[in-house]
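All remarks here apply to the structure that follows.
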Number of protein chains: 2
Amino acid sequence: MTDRADLDTVFAALADPTRRAILTMLLEDDMAVTDVAEPFEMSLAAISKHLTILTRAGLIAQEKRGRVKWCKLQPDALRGASVWMQGFGQFEPVNLDAFERFLASELGGEDETRE
Amino acid sequence: MTDRADLDTVFAALADPTRRAILTMLLEDDMAVTDVAEPFEMSLAAISKHLTILTRAGLIAQEKRGRVKWCKLQPDALRGASVWMQGFGQFEPVNLDAFERFLASELGGEDETRE
DNA sequence: TTCTTACTTAACCGGAGGGTTGAATGAGGA
DNA sequence: TCCTCATTCAACCCTCCGGTTAAGTAAGAA
């Protein structure tokens with residue numbers, strides 16, 4: 001499932017504010033590399049490296065269509081890390097079951113876009 | 001509450017397997033620095049550095065009693081990071097206001113909201 | 001006081017991380 | 001074909017990270 005190396009790479013990927021911002025942007029929609037880079041004050045090459053790190057962590061997937069490479073979120077990759085964190089159950093974590101039910105009600109009730 | 005720098009330091013702290021192992025050990029009980037170091041094949045100074053990093057991330061607290069410094073878990077520090085991650089459990093655009101309310105209800109009450 | 005225990009600090013090392021610029025690749029468009 | 005756009009690669013820079021050893025500090029024991 002989720003071994004140590006996975007957790008290393010996922011947590012390391014999340015430890016950078018630029019990469020977290022990229023993930024947040026991708027929550028809205030899939031994006032091309034150039035569009036991902038646009039709001040940042042940094043070179044395209046730097047963004048490309050960040051995207052490579054996110055891809056290696058499994059947090060996003062990149063698919064090339066034509067000459068454009070599309071980036072899309074792979075939120076399942078967060079699950080292993082999340083579960084690890086919830087293992088510190090001495091606090092009351094965000095309850096995954098409740099979260100699932102929340103999502104189900106949200107997705108089922110008002111925005112049935114999930115196929 | 002949880003700003004970017006916090007998430008940086010928390011995720012970075014979690015990205016090292018030694019530090020995650022230390023946190024796991026501290027789940028069982030509070031420990032002195034020397035005892036934390038005992039199972040690891042590395043110098044006490046290295047462990048001391050790891051503990052400093054965990055402390056700065058807020059993940060543990062260190063209290064000196066006599067000449068012994070006790071380390072104890074501060075699992076609340078994981079909450080901010082956990083909440084951030086839960087935001088990515090969703091594939092499809094979900095009502096963000098409802099998501100906020102969900103988080104508020106989950107985190108707000110001491111009692112579990114899951115029935 | 002002196003010795004020992006429990007840590008931390010300092011100096012150092014190799015390697016990885018985040019950034020740069022500039023060249024290279026690869027796919028359309030004219 | 002030639003040009004442009006989208007993206008990566010390569011080389012380099014500097015800083016931080018994870019480890020080392022050795023010296024320093026602080027507190028209890030003798």
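Just so we're on the same page: letters track the sequence lines, and every chain starts at 1.
Sorted by first and then second residue, the salt bridge (charged side-chain N to carboxylate O under 4.0 Å, His left out) pairs with a member in residues 32-53 of chain A form an empty list; sequence neighbours excluded.
If you take CD1 of I60(B) and C1' of dC7(C), they are 14 Å apart, rounded to a whole angstrom. In this entry the distance linking CD of E38(B) with P of dT5(C) reads 16 Å, nearest Å. Regarding L51(B), its CG atom lies at a distance of 13 Å from the P atom of dG18(D), rounded to whole Å. Rounding to whole angstrom units, CZ of residue F11(B) and P of dC17(D) are separated by 17 Å. Remark: P of dG19(D) and CZ of F40(B) are 10 Å apart, rounded to the nearest angstrom. When rounded to the nearest whole Å, the span between CD of Q62(A) and C1' of dT8(D) equals 10 Å. Distance I47(B) CD1 to dC17(D) C1': 15 Å, rounded to the nearest Å. Rounded to an integer number of Å, the gap from W70(A) CH2 to dA6(D) P is 11 Å.
For T34(B) and dT5(C), the shortest distance from a side-chain N or O to OP1 or OP2 is not below 4.0 Å.
Contact check on R20(B) versus D8(A) returns a salt bridge, with a Lys/Arg side-chain nitrogen under 4.0 Å from an Asp/Glu carboxylate oxygen.
Every residue two or more places apart in sequence or in another chain that forms a side chain to side chain contact (heavy atoms under 4.5 Å, CB included) with A77(B) is listed here: L59(B). The side chain to side chain contact (heavy atoms under 4.5 Å, CB included) check on L51(A) picks up I22(A), V33(A), V36(A), I47(A), L54(A), I60(A), Q62(A), C71(A), with sequence neighbours excluded. Looking at residues two or more places apart in sequence or on another chain, you find a side chain to side chain contact (heavy atoms under 4.5 Å, CB included) between A21(A) and F40(A). Residues satisfying the side-chain hydrogen bond (donor to acceptor under 3.5 Å, both in side chains) test with S43(B), not counting sequence neighbours, are none. In terms of the side chain to side chain contact (heavy atoms under 4.5 Å, CB included) criterion, residue partners of A12(B) (sequence neighbours excluded) are, by chain and number, A15(A).
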- [ ] Between protein and nucleotides 24-30 of chain D, map the contacts as a letter string: B base, S sugar-phosphate only, - none, heavy atoms under 4.0 Å, written 5' to 3'.
- [x] --SBS--
- [ ] Indicate for each nucleotide in nucleotides 15-21 of chain C, in 5' to 3' sequence, whether protein heavy atoms under 4.0 Å reach the base (B), only the sugar-phosphate (S), or nothing (-).
- [x] ---SBBB
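For V68(B), the listed nucleotide lying nearest its side chain is dA6(C); candidates were dA6(C), dA6(D), dT8(C).
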Task: side chain to side chain contact (heavy atoms under 4.5 Å, CB included) assessment of E63(A) paired with K69(A) - done: CA-CA 5 Å; E63(A) 180 200 353; K69(A) 206 165 183 180; over 6 Å; no
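Its side chain within the 4.5 Å cluster rule, V68(A) clusters with W70(A) among the Ile, Leu, Val, Met, Phe, Trp and Tyr residues.
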